[in-house]
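Okay, so here's the structure we're looking at.
Within every chain, numbering begins at 1; the chains are lettered A, B, ... in the order of the sequence lines, protein sequences first and strands thereafter. Here the structure is a predicted model, which is why all the values come from computation and not from measurement.
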2 protein chains.
Amino acid sequence: MSTTRDEIIRLAEELVLAKGFNWLSYSDISQKLGIKNAAIHYHFPTKEDLGLAIIERDRTMIAELMASWEQQHTDAIDIISELFGVYSSILQGCQVCLIGSLGTDMLTLPDAMQAELKKLVNLILIWLKKQLEKGRANGTAVFEGSSTTHAMVLLTNMVAGIQIARLHNNTKEFHTLTTHALNSLRPKDATSFPSSSTSKSIRTKKL
Amino acid sequence: MSTTRDEIIRLAEELVLAKGFNWLSYSDISQKLGIKNAAIHYHFPTKEDLGLAIIERDRTMIAELMASWEQQHTDAIDIISELFGVYSSILQGCQVCLIGSLGTDMLTLPDAMQAELKKLVNLILIWLKKQLEKGRANGTAVFEGSSTTHAMVLLTNMVAGIQIARLHNNTKEFHTLTTHALNSLRPKDATSFPSSSTSKSIRTKKL
DNA sequence: GTCTATATCCGGATAGAC
DNA sequence: GTCTATCCGGATATAGAC
């Protein structure tokens with residue numbers, strides 16, 4: 001019901017991805033929403049409550065997206081490319097991802113937030129691992145080593161890639177990195193490199 | 001001369017790597033150093049001055065290390081492994097690297113600090129690129145694509161790998177990741193995988 | 001559910017004595 | 001070069017009226 005609550009979470013997340021959780025202030029939110037500080041405290045008594053809501057919302061949204069991608073694609077590279085697209089759109093908003101943002105501030109976060117963050121990381125890692133294994137099974141992905149390790153490789157490419165590309169104010173740098181990561185996964189057939197779904201168009205959907 | 005100044009920078013960096021620049025306070029430093037708040041302001045009038053000193057010190061130290069590594073090794077994998085070792089020791093102190101720490105808070109930093117941070121990133125990227133190209137030339141490293149892109153791959157592995165491994169409180173996870181990255185670079189001779197310098201011992205030197 | 005008002009605390013920073 | 005004392009702003013959070 002109360003769309004105010006949702007608006008608060010949405011805006012708060014935006015600010016966290018841009019400037020970090022410890023920089024986020026109740027005043028930032030209330031001013032942009034045209035409400036007062038105390039109104040936020042009604043919905044989220046403490047900042048920890050707000051932080052938890054942000055992570056949980058993020059996890060719910062990404063889980064839904066992942067499920068839909070699995071229905072739309074069979075090629076592992078196409079599926080993983082969708083996740084890269086989400087990161088790409090975050091970068092275009094001059095933000096970094098929630099994992100990176102909260103990850104560096106981790107030791108300053110309440111225990112409950114740390115636990116939620118771990119859940120988010122594991123959701124993505126396990127999903128990536130699953131896609132890699134499916135791809136290896138159906139011949140749409142080729143990689144050395146364990147799927148667990150390669151999932152970490154892909155995740156670190158995204159998490160830090162977005163941080164460094166934002167620093168350089170260079171979205172192309174991120175695109176080159178992710179394209180390389182996907183090409184490395186691509187089976188080397190006779191129909192060589194510039195294959196079907198190499199450079200996907202940039203997504204506009206926000207994570 | 002004044003060792004106080006150096007102590008301040010050292011401790012401040014320690015706190016930044018652990019908890020982020022915006023969390024760092026003059027009180028944190030002064031208490032642990034047994035001095036007063038105003039004493040720090042004498043050496044570093046503003047927090048920006050202190051932040052700049054931290055980044056510059058980091059850049060100087062890493063540049064010195066890089067130069068010495070190049071003298072000690074000819075094998076590209078051995079050289080890059082040294083850098084991984086530095087990151088490994090940071091992780092063991094339950095910290096993340098300066099690039100990741102300041103990278104996520106970038107938009108909250110003064111312009112001068114952003115510029116210094118970019119210099120640090122480029123120092124490492126260019127150095128990695130150089131080692132990769134030397135390795136490709138002398139046959140000690142094999143990789144697909146451009147050296148620029150692969151340097152980014154290695155850097156993102158380090159920067160985000162340390163963040164995620166700290167979150168999981170699992171240094172082995174980082175070690176697995178970096179070992180995989182080095183193995184991917186290794187030329188596939190007849191003398192197959194478990195070759196000479198695969199898993200280097202963990203370094204104790206702090207970055 | 002949102003407001004006004006206020007409490008409390010802590011941040012960075014400065015002035016001037018020593 | 002370090003101290004004491006102080007200023008000012010902004011942060012989270014609470015109480016109670018509407």
Side-chain angles (χ1 to χ4, degrees), chain A residues 1-55 57 101-102 104-114 116, chain B residues 1-55 57 101-102 104-114 116:
Chain A
M1 288 309 101
S2 81
T3 197
T4 303
R5 193 191 142 92
D6 298 331
E7 288 282 298
I8 293 169
I9 301 177
R10 258 174 45 99
L11 185 55
E13 187 198 26
E14 205 174 300
L15 293 166
V16 168
L17 299 193
K19 311 203 169 182
F21 186 72
N22 288 328
W23 188 267
L24 169 76
S25 76
Y26 279 65
S27 304
D28 286 335
I29 303 170
S30 56
Q31 282 171 22
K32 294 201 184 183
L33 248 52
I35 57 178
K36 294 298 169 186
N37 240 337
I40 304 175
H41 277 286
Y42 168 78
H43 295 283
F44 305 97
T46 72
K47 202 176 172 183
E48 175 176 354
D49 295 319
L50 179 54
L52 288 172
I54 293 171
I55 307 175
R57 174 175 173 278
S101 176
L102 297 181
T104 58
D105 295 340
M106 192 202 81
L107 294 181
T108 72
L109 301 178
D111 289 344
M113 280 185 68
Q114 293 186 24
E116 283 301 306
Chain B
M1 293 304 105
S2 79
T3 198
T4 304
R5 191 190 143 92
D6 298 330
E7 289 281 299
I8 292 170
I9 301 177
R10 258 174 44 96
L11 184 55
E13 186 197 24
E14 204 174 300
L15 293 167
V16 168
L17 299 193
K19 311 199 171 185
F21 185 71
N22 288 328
W23 188 267
L24 169 76
S25 77
Y26 279 65
S27 305
D28 285 336
I29 304 170
S30 57
Q31 281 172 24
K32 294 202 184 183
L33 247 52
I35 58 178
K36 293 300 169 184
N37 239 337
I40 304 176
H41 278 285
Y42 168 78
H43 296 282
F44 305 96
T46 70
K47 202 177 172 183
E48 174 176 354
D49 296 320
L50 179 54
L52 287 173
I54 293 171
I55 306 176
R57 174 177 174 275
S101 177
L102 298 182
T104 58
D105 295 340
M106 193 202 83
L107 295 181
T108 73
L109 301 178
D111 288 345
M113 281 186 68
Q114 293 186 24
E116 283 302 305

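Following rounding to the nearest Å, B:Ile8 (CD1) and D:dT2 (C1') show an atom-to-atom distance of 11 Å. Atom CG of A:Asp28 and atom C1' of D:dT12 are 13 Å apart (whole Å). Between the P atom of C:dC3 and the CD1 atom of A:Ile35 lies a distance of 6 Å, rounded to the nearest Å. Protein atom OH of B:Tyr42 is 16 Å distant from nucleotide atom C1' of C:dA17, rounded to whole Å. Whole-Å rounding puts the B:Trp23 CH2 to D:dG10 P distance at 19 Å. Computed from coordinates, the B:Asn22 CG to D:dG10 P distance equals 15 Å when rounded to whole Å. For the pair A:Phe44 CZ and C:dG1 P, the interatomic distance rounds to 12 Å; values are reported in whole Å. One can place CD1 of B:Ile40 at 14 Å from P of C:dT14, the figure rounded to the nearest angstrom.
The shortest distance between side-chain heavy atoms of A:Arg57 and A:Arg10 falls below 4.5 Å.
The nucleotide whose nearest atom lies closest to any side-chain atom of A:Lys36 is, among D:dT4, D:dA13, C:dT4, C:dT4. With C:dC3, D:dT12, C:dA13 as the choices, the nucleotide that has an atom nearest any side-chain atom of A:Asn37 turns out to be D:dT12.
An OP1 or OP2 oxygen of D:dG1 is reached within less than 4.0 angstrom by no side-chain nitrogen or oxygen of B:His41. Regarding contacts with the backbone of C:dG11, a side-chain N or O of B:Ser27 is found under 4.0 angstrom from either OP1 or OP2. A:Ser25 has no side-chain polar atom (N or O) that falls below the 4.0 Å cut-off from OP1 or OP2 of D:dG10. Note on B:Tyr26: every side-chain N or O is 4.0 Å or more away from OP1 and OP2 of C:dG11.
B:Thr46 and B:Asp49 share a side-chain donor-acceptor pair at under 3.5 Å.
At distances below 3.5 Å, not a single donor-acceptor pair connects side-chain atoms of A:Tyr26 with backbone N or O atoms of A:Lys36.
As judged by a 4.0 angstrom heavy-atom cut-off over every strand, B:Leu24 is placed among residues touching the sugar-phosphate backbone only.
Minimum heavy-atom separation, A:Leu102 to A:Val16: CD2-CG1, 4.2 Å.
Test B:Ile54, B:Ile29, B:Leu50 against B:Phe44 for side-chain contact (heavy atoms from CB on, under 4.5 Å) and you get one pass: B:Leu50.
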